[in-house]
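Not measured: the values here are computed from a predicted model. Naming convention: chains lettered A, B, ... in sequence-line order (proteins, then strands); numbering from 1 in each chain.
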2 protein chains.
Amino acid sequence: MEFKEAKNKFVQTWGALGSQWGINKTMAQIHALLMVSNEPVSMEDIMEELQISRGNASMNLRALMDWGIVYKEFKAGERKEFFTAEKDLDELAVKISRERSKREIKPTLKILKEVSTIEAKDSAEEKHFVDQTTKLYDFVLKADNMLDKMTEFNDNWLGKLFIKMMK
Amino acid sequence: MEFKEAKNKFVQTWGALGSQWGINKTMAQIHALLMVSNEPVSMEDIMEELQISRGNASMNLRALMDWGIVYKEFKAGERKEFFTAEKDLDELAVKISRERSKREIKPTLKILKEVSTIEAKDSAEEKHFVDQTTKLYDFVLKADNMLDKMTEFNDNWLGKLFIKMMK
DNA sequence: AATAAGTTTCAATTATTTTTGAAAGTTTAA
DNA sequence: TTAAACTTTCAAAAATAATTGAAACTTATT
């Protein structure tokens, strides 16, 4: 396989994976493209490589920057903006974890708390509901805390965790 | 908040969360409904509670069974089928992890292996590509193995992991 | 073996999400 | 202050994904 083909395959694969995880294809593709570029890339180049419109590129770059995993760069003497991706994988994973926790897990916990604390009356049905949602709340809370702890190791957290696990 | 309202809120929330994770809304809602039901539920009842068609219910129940997190049950003397969800959260998490690993992570690893092993020539661009995709391969492989190890504790793996982490 | 009870399938429809492209907005430089 | 270079916004269009519903299929009962 030659370089261009490999790069394309990687970008396509990352895009498809994104879709399966609720991230839009273009956003994942732009991220993939920036990850494997050794130099900052302009919007023009992104549009060209992925064959997408200016609006699409602009919106998805904005979203990636909101996630904190893509940065704007300025080149001396150049008017236009360039973009780079977070390339450190530990850091990338930490940022994605934090964002998803903030955006999805925390609000879900809030709802779980609410629904699990209703007055359960005496029917088996209601008791089971309260019991199950309470368990779910505890589980999700514990998982969320764990993720936090894991990524707090910061540098090479995955490796460090692996060692802890083996002991 | 009263029971019916709480139940509905839970089902809606779970459905919305599903969408954000690439799982279709109805599938997540059916799962939510079954999780908090203390008795097996018939297809009729699911259709009625979620206001969905028979075809939709059938297809999504099939998908949930393929994931191994919903089971068919038969009641003595009843012709129709009933459904229950895996209610043990450790077990549920293990099954979801295993399925996603099999369906998404493993195929991704295969592609990462392919693209990271191209002949890198001498350009900085190509070298960076190989370097970055190799790192990605290693990272994803390690994360996948870790998930496997974690869920191998099986019973109360999250709790056990928590204790290990604290040491 | 005919009928009834129940389930699955899938082409067509509907709903949702993504993408486009051009107008409006912003910034830099002359 | 004007014009050029570039970016953002958003309504409309296109693409994708989910849903319906009725026919086909399966299984149990008489």
Side-chain angles (χ1 to χ4, degrees), chain A residues 11-34 40-67 70-85 103-104, chain B residues 11-34 39-67 70-84 103-104:
Chain A
V11 169
Q12 295 307 319
T13 303
W14 216 238
L17 197 65
S19 305
Q20 290 174 308
W21 286 81
I23 289 145
N24 105 36
K25 194 183 65 179
T26 303
M27 185 167 157
Q29 285 181 340
I30 293 177
H31 182 249
L33 184 61
L34 295 179
V41 184
S42 71
M43 203 153 92
E44 292 290 343
D45 288 345
I46 293 170
M47 289 164 59
E48 168 62 27
E49 282 224 48
L50 303 180
Q51 289 292 301
I52 57 172
S53 71
R54 189 173 294 285
N56 197 5
S58 174
M59 289 177 109
N60 282 299
L61 280 165
R62 153 79 28 234
L64 285 163
M65 288 188 294
D66 289 347
W67 275 75
V70 159
Y71 318 109
K72 250 186 205 169
E73 301 235 328
F74 298 93
K75 276 192 187 172
E78 286 261 31
R79 178 79 171 274
K80 68 172 148 243
E81 299 171 340
F82 292 81
F83 301 88
T84 36
R103 294 174 195 222
E104 295 149 24
Chain B
V11 169
Q12 295 307 319
T13 303
W14 216 239
L17 197 66
S19 305
Q20 289 174 310
W21 286 83
I23 289 146
N24 105 35
K25 193 184 65 178
T26 303
M27 187 168 155
Q29 285 181 340
I30 294 177
H31 182 248
L33 184 61
L34 296 180
E39 310 234 305
V41 184
S42 70
M43 203 153 92
E44 292 291 342
D45 289 346
I46 293 170
M47 288 163 58
E48 169 64 25
E49 282 225 47
L50 303 179
Q51 289 291 303
I52 57 172
S53 70
R54 188 172 294 284
N56 197 3
S58 174
M59 288 175 111
N60 282 298
L61 280 165
R62 154 78 28 234
L64 285 162
M65 289 189 292
D66 288 347
W67 275 75
V70 160
Y71 318 110
K72 249 185 203 170
E73 299 233 330
F74 297 94
K75 276 193 187 171
E78 285 262 29
R79 179 82 168 273
K80 66 173 146 231
E81 300 170 341
F82 292 80
F83 301 88
T84 37
R103 293 174 196 222
E104 295 149 24

So how far is it from [X] [atom1] to [Y] [atom2], rounded to the nearest 0.5 Å?
X       : Y        : atom1 : atom2 : value
A/Asp66 : A/Arg103 : CG    : CZ    : 6.5 Å
A/Met43 : A/Asp45  : CE    : CG    : 11.0 Å
A/Thr26 : A/His31  : OG1   : NE2   : 14.5 Å
B/Trp21 : A/Trp21  : CH2   : CH2   : 5.5 Å

Quickly work out the [X] [atom1] to [N] [atom2] distance and round it to whole Å.
X       : N      : atom1 : atom2 : value
A/Arg62 : C/dT18 : CZ    : P     : 18 Å
B/Lys25 : C/dT14 : NZ    : P     : 17 Å
B/Asp66 : C/dT9  : CG    : C1'   : 15 Å
A/Met43 : C/dT20 : CE    : P     : 12 Å
A/Met47 : C/dA22 : CE    : C1'   : 13 Å
A/Glu81 : C/dT27 : CD    : P     : 10 Å
A/Ile46 : C/dT20 : CD1   : P     : 14 Å
A/Met27 : C/dT17 : CE    : C1'   : 14 Å

Any residue meeting side chain to side chain contact (heavy atoms under 4.5 Å, CB included) with B/Glu48, in chain and number order, not counting sequence neighbours: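 With sequence neighbours excluded, B/Glu48 shows a side chain to side chain contact (heavy atoms under 4.5 Å, CB included) to B/Gln51, given in chain and number order.
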
Non-neighbouring partners of A/Arg79 that pass side chain to side chain contact (heavy atoms under 4.5 Å, CB included), sequence neighbours left out: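 A/Arg79 satisfies side chain to side chain contact (heavy atoms under 4.5 Å, CB included) with no residue once adjacent residues are dropped.
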
First-last contacting nucleotides on DNA chain D - partner chain B, under 4.0 angstrom, heavy atom: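 Terminal contacting nucleotides, 5' to 3': D/dA18 to D/dA28.
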
Detail all sub-3.5 Å separations between protein N/O atoms and N/O atoms belonging to nucleotides 10-12 of chain C.
none

OP1 or OP2 of C/dT16 under 4.0 Å from side-chain N/O of B/Asn24: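 For B/Asn24, the contact criterion (side-chain N or O under 4.0 Å from OP1 or OP2 of C/dT16) is not met.
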
Note, A/Gln12 side chain near A/Gln29 side chain (heavy atom, < 4.5 Å):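 They are in contact (side-chain heavy atoms under 4.5 Å apart), so the answer is yes.
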
Validation row: A/Phe82, A/Lys72 side chains within 4.5 angstrom (heavy atoms):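 No - every pair of side-chain heavy atoms lies 4.5 Å or more apart.
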
Single hit among A/Ile46, A/Thr84, A/Ile30 for side chain to side chain contact (heavy atoms under 4.5 Å, CB included) with A/Val41: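 Looking at A/Ile46, A/Thr84, A/Ile30, the match for A/Val41 under the side chain to side chain contact (heavy atoms under 4.5 Å, CB included) is A/Ile46.
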
5' priority, DNA chain D, between A/Phe82 and B/Arg54 [closest heavy atom]: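 Final value for this comparison: A/Phe82.
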
Comparing A/Glu44 and A/Ser19 on DNA chain D - which has the more 5′ nearest nucleotide: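 The residue mapped nearer the 5' terminus is A/Glu44.
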
Close residues, residues 72-80 of chain B, relative to DNA chain C [heavy-atom separation under 4.0 Å]: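 Nucleic-acid contacts, sorted: B/Lys72, B/Arg79, B/Lys80.
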
Heavy-atom closest contact (A/Phe83 atom, A/Leu34 atom, distance):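 Heavy atoms only, the tightest pair is O-CD2, 3.6 Å.
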
All pairs passing salt bridge (Lys or Arg N to Asp or Glu O under 4.0 Å) where residues 16-29 of chain B contributes a residue, at least two apart: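 Checked against salt bridge (Lys or Arg N to Asp or Glu O under 4.0 Å) - neighbours excluded - no pair reaches residues 16-29 of chain B.
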
